[in-house]
Amino acid sequence: MDAYDLITQNAAEVVTEDEVRSLAEDPDGKRAYVGYEPSGVLHIGHMLTANKLIELQEAGFEVVVLLADVHAYLNGKGTFEEIRETADRMREQFVAYGLDESNTEFVLGSEFQLDEEYTLDLHALELETNLSRAERAMAEIQSGDTATVAQAVYPLMQALDIVYLDVDLAIGGMEQRKVHMLARDTLPSIDEEAPTCLHTPLIADLSTGVGKMSSSAGVSISMEDSEEELREKVNKAFCPPSRDPEPADDGADRDNPVLQIFEYHIFPRFCDVVVERPEQYGGNLTYDDYESLAADLDSGELHPADAKGALADYLNELVAPGREKIREQRS
RNA sequence: CCGCUCUUAGCUCAGCCUGGUAGAGCAGCCGACUGUAGAUCGGCAUGUCCCCCGUUCAAUUCGGGGAGAGCGGACCA
């Protein structure tokens with residue numbers, strides 16, 4: 001696989017393709033980053049962007065993980081003390097998940113975001129940005145239902161982080177795209193380059209297939225889930241025998257979250273996927289890529305119940321080291 | 001600072017005017033049907049009615065005070 005394909009594999013979008021192509025010409029030493037608000041436990045959304053970081057490392061990129069303590073604070077996630085504590089735990093969980101510790105730069109936001117120069121640049125960006133634009137950028141990220149001034153500043157800091165961390169490629173889930181577009185629009189006004197961005201898809205809500213899986217409300221998969229919990233959550237997931245489910249009764253688009261997890265989480269990390277299946281249904285199946293598994297589910301060759309069993313097995317394997325780490329952290 | 005509106009089930013809200021400790025939809029849980037889930041059908045549950053004081057035999061409901069949230073307070077019309 002060439003560098004461009006590896007970089008863009010499983011991406012929902014890339015801004016812009018040309019910019020990524022030119023990065024792909026010589027990826028060695030190029031820098032990519034993701035920022036995360038520290039939270040106590042990694043969930044499946046964190047793991048999705050982490051997969052991309054792992055692939056970028058394979059492609060030769062230097063990877064920066066911003067543990068965005070100041071952002072979390074601005075977004076009302078707690079006191080600095082609480083947030084910093086979870087930042088530490090989060091770093092350890094990322095390493096347990098598979099980010100190469102010696103090859104990943106973990107940076108705490110407060111290490112540079114409180115410097116005078118940064119602050120003045122931030123004010124310059126504030127001057128260039130109206131409130132409604134900032135609010136729109138935050139719509140899918142903000143906690144609480146009405147935006148605070150802190151939350152208006154938040155996306156501007158993300159823009160500036162890209163400059164200060166000297167990043168060539170900004171990574172984020174699709175919920176980050178408006179922030180990144182704001183960064184592309186605004187940074188040139190302070191004589192900085194518009195960043196190149198790559199956005200990962202969002203996994204659909206596990207129980208309905210509509211919208212995105214919620215980490216706050218509803219069912220989500222996280223690193224602290226026991227094998228039994230994983231099995232139960234996967235088993236309860238919406239999974240028609242189709243890769244392209246019919247819209248819901250209210251017309252809302254639906255995806256197949258079980259397939260999505262295979263595509264974005266399992267196949268990127270495992271060469272072969274073995275679906276154990278009772279003899280009466282035809283015995284075990286082995287897949288070496290997502291396409292063939294999805295095609296079999298779609299055709300009826302692979303029953304959703306068997307796919308779910310396999311999904312729980314592999315998810316459990318992915319989560320196990322992190323779960324062990326969390327157990328340690330709590331003891 | 002001033003004014004208006006809101007606060008009842010996990011969520012969105014009804015009820016309060018005309019006091020007798022509460023309802024709907026959605027979500028949830030259980031069961032049936034499917035070798036998964038969903039859909040469908042059947043069943044089940046849930047509440048410091050924001051807090052305090054007062055009136056009353058009795059307050060979610062009336063009165064007073066307080067808290068939290070939202071919106072508004074130039075000009076023009």
Side-chain angles (χ1 to χ4, degrees), chain A residues 39 43-44 74-79 130-132 134-136 138-152 154 201-222 225-267 273-287 290 292-319:
Chain A
S39 69
H43 58 65
I44 197 163
L74 292 175
N75 205 13
K77 297 295 174 64
T79 65
N130 64 40
L131 269 178
S132 64
E135 244 181 289
R136 265 192 294 141
M138 279 299 284
E140 295 186 52
I141 301 170
Q142 123 190 352
S143 69
D145 20 84
T146 46
T148 59
V149 172
Q151 286 164 332
Y154 181 121
L202 303 176
I203 304 280
D205 180 86
L206 209 50
S207 55
T208 64
V210 177
K212 83 160 182 170
M213 191 188 298
S214 166
S215 53
S216 46
V219 180
S220 78
I221 287 173
S222 85
D225 288 338
S226 66
E227 178 167 1
E228 294 69 41
E229 284 169 321
L230 287 173
R231 237 166 252 299
E232 196 181 320
K233 287 177 179 180
V234 170
N235 184 42
K236 286 187 168 180
F238 175 70
C239 185
S242 157
R243 55 194 305 172
D244 188 21
E246 295 293 312
D249 291 341
D250 61 6
D253 275 343
R254 286 194 286 200
D255 289 303
N256 187 324
V258 169
L259 280 183
Q260 286 184 316
I261 297 172
F262 269 114
E263 183 174 16
Y264 302 127
H265 286 279
I266 307 305
F267 281 101
V273 169
V274 177
V275 175
E276 292 180 19
R277 191 164 66 168
E279 282 307 325
Q280 73 174 118
Y281 296 126
N284 293 0
L285 291 163
T286 301
Y287 297 98
Y290 166 73
S292 46
L293 182 148
D296 271 7
L297 187 90
D298 206 46
S299 72
E301 172 63 28
L302 172 62
H303 192 279
D306 296 322
K308 283 181 171 181
L311 182 61
D313 290 341
Y314 284 94
L315 269 181
N316 186 54
E317 212 172 310
L318 277 180
V319 154

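Lettering of chains follows the sequences in order, A, B, ..., and the numbering in each one begins at 1. Quantities reported herein were computed from a predicted structural model and do not represent experimental measurements.
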Nearest-Å distance once atom P is located in both rC50(B) and rA14(B) = 13 Å
task = May I ask you to test the His303(A)-Tyr281(A) pair for a side-chain heavy-atom distance under 4.5 Å?
result = no
ask   = So, does Asn256(A) use its side chain to make a donor-acceptor pair with the main chain of Pro240(A) at under 3.5 Å?
value = yes
query = With a 4.5 Å heavy-atom cut-off, do Pro278(A) and Asp306(A) have their side chains touching?
reply = yes
inquiry  = What is the distance, to the nearest angstrom, from the NZ atom on Lys233(A) to the P atom on rG28(B)?
reply    = 15 Å
inquiry  = When both hydrogen-bonding distances must be under 3.5 Å and the geometry is Watson-Crick or G-U wobble, what is rC26(B) paired with, if anything?
reply    = rG10(B)
task = Pick the P atom in rG35(B) and in rU46(B), then give their distance to the nearest Å.
result = 35 Å
task = Look up atom CD1 in Ile203(A) and atom NE2 in His43(A), then write down how far apart they are to the nearest 0.5 Å.
result = 11.5 Å
query = For the side chain of Asp306(A) and the base of rG35(B), is some donor closer than 3.5 Å to an acceptor across the two?
reply = yes
note = The reported gap from CG in Asp205(A) to CZ in Phe238(A) (rounded to nearest 0.5 angstrom) is 10.5 Å
key: 4.5 Å side-chain heavy-atom contact, Ser143(A) and Lys77(A)   = yes
request  = Using atom CG of Asp253(A) as one end and atom P of rG38(B) as the other, report the distance to the nearest whole Å.
outcome  = 20 Å
request  = Report the base-pairing partner of rG3(B) (Watson-Crick or G-U wobble, both distances below 3.5 angstrom), or none.
outcome  = rC71(B)
request  = Mind calculating the distance between CD (Glu246(A)) and C1' (rA39(B)) to the nearest angstrom?
outcome  = 12 Å
note = The Watson-Crick or G-U wobble partner of rU48(B), with both key distances under 3.5 Å, is none
request  = Could you state the atom-to-atom distance from CG of Asp145(A) to P of rC11(B) in whole Å?
outcome  = 12 Å
query = rU36(B) P sits how many Å from Arg277(A) CZ, rounded?
reply = 15 Å
request  = Sticking with atom C1', work out how far rA77(B) lies from rU55(B), rounded to a whole angstrom.
outcome  = 46 Å
task = Taking atom C1' in both rU8(B) and rA37(B), compute the distance separating them and give it to the nearest angstrom.
result = 34 Å
Strand partner of rU60(B), provided both Watson-Crick or wobble distances fall under 3.5 Å = none
key: Whether Phe262(A) and Phe267(A) hold their rings parallel, tilted or perpendicular, with breakpoints at 30° and 60°   = tilted
ask   = Under a 3.5 Å cut-off for both distances, is rA39(B) Watson-Crick or wobble paired, and to whom?
value = none
message = Heavy atoms within less than 4.0 Å of RNA chain B: which residues of residues 234-243 of chain A have one? Give them sorted by number.
response = Asn235(A), Lys236(A), Ala237(A), Phe238(A), Cys239(A), Pro240(A), Pro241(A)
message = Only pairs with both distances under 3.5 Å count, Watson-Crick or wobble alike; so what is the partner of rA77(B) in this structure?
response = none
task = Take atom P in rC6(B) and the same atom in rG43(B), then report the distance between them in whole Å.
result = 37 Å
request  = Find the distance Arg254(A):CZ to rA39(B):C1' and express it as a whole number of Å.
outcome  = 8 Å
note = By the Watson-Crick or G-U definition, both distances under 3.5 Å, rC16(B) is matched with none
ask   = For Asn256(A) and rU36(B), what is the distance between atoms CG and P respectively, to the nearest whole Å?
value = 15 Å
inquiry  = Applying the Watson-Crick and G-U wobble criteria at under 3.5 Å, what pairs with rU21(B)? Answer none if nothing qualifies.
reply    = none
query = If you measure only the distance, is there a donor-acceptor pair under 3.5 Å linking the side chains of Gln142(A) and Asn75(A)?
reply = no
ask   = Could you state the NZ-P distance from Lys308(A) to rU34(B), rounded to the nearest angstrom?
value = 17 Å
inquiry  = With rounding to the closest Å, how many angstrom separate the C1' atoms on rG25(B) and rG19(B)?
reply    = 28 Å
query = Counting side-chain heavy atoms from CB outward, which of rU36(B), rG70(B), rG38(B) is closest to Thr146(A)?
reply = rG70(B)
query = Are Ser132(A) and Glu135(A) linked by a side-chain donor-acceptor pair shorter than 3.5 Å?
reply = no
request  = Could you give the distance separating rA39(B) and rC16(B) at their C1' atoms, to the nearest angstrom?
outcome  = 40 Å
query = Roughly how far apart, to the nearest Å, are rC41(B) and rC26(B) at atom P?
reply = 11 Å
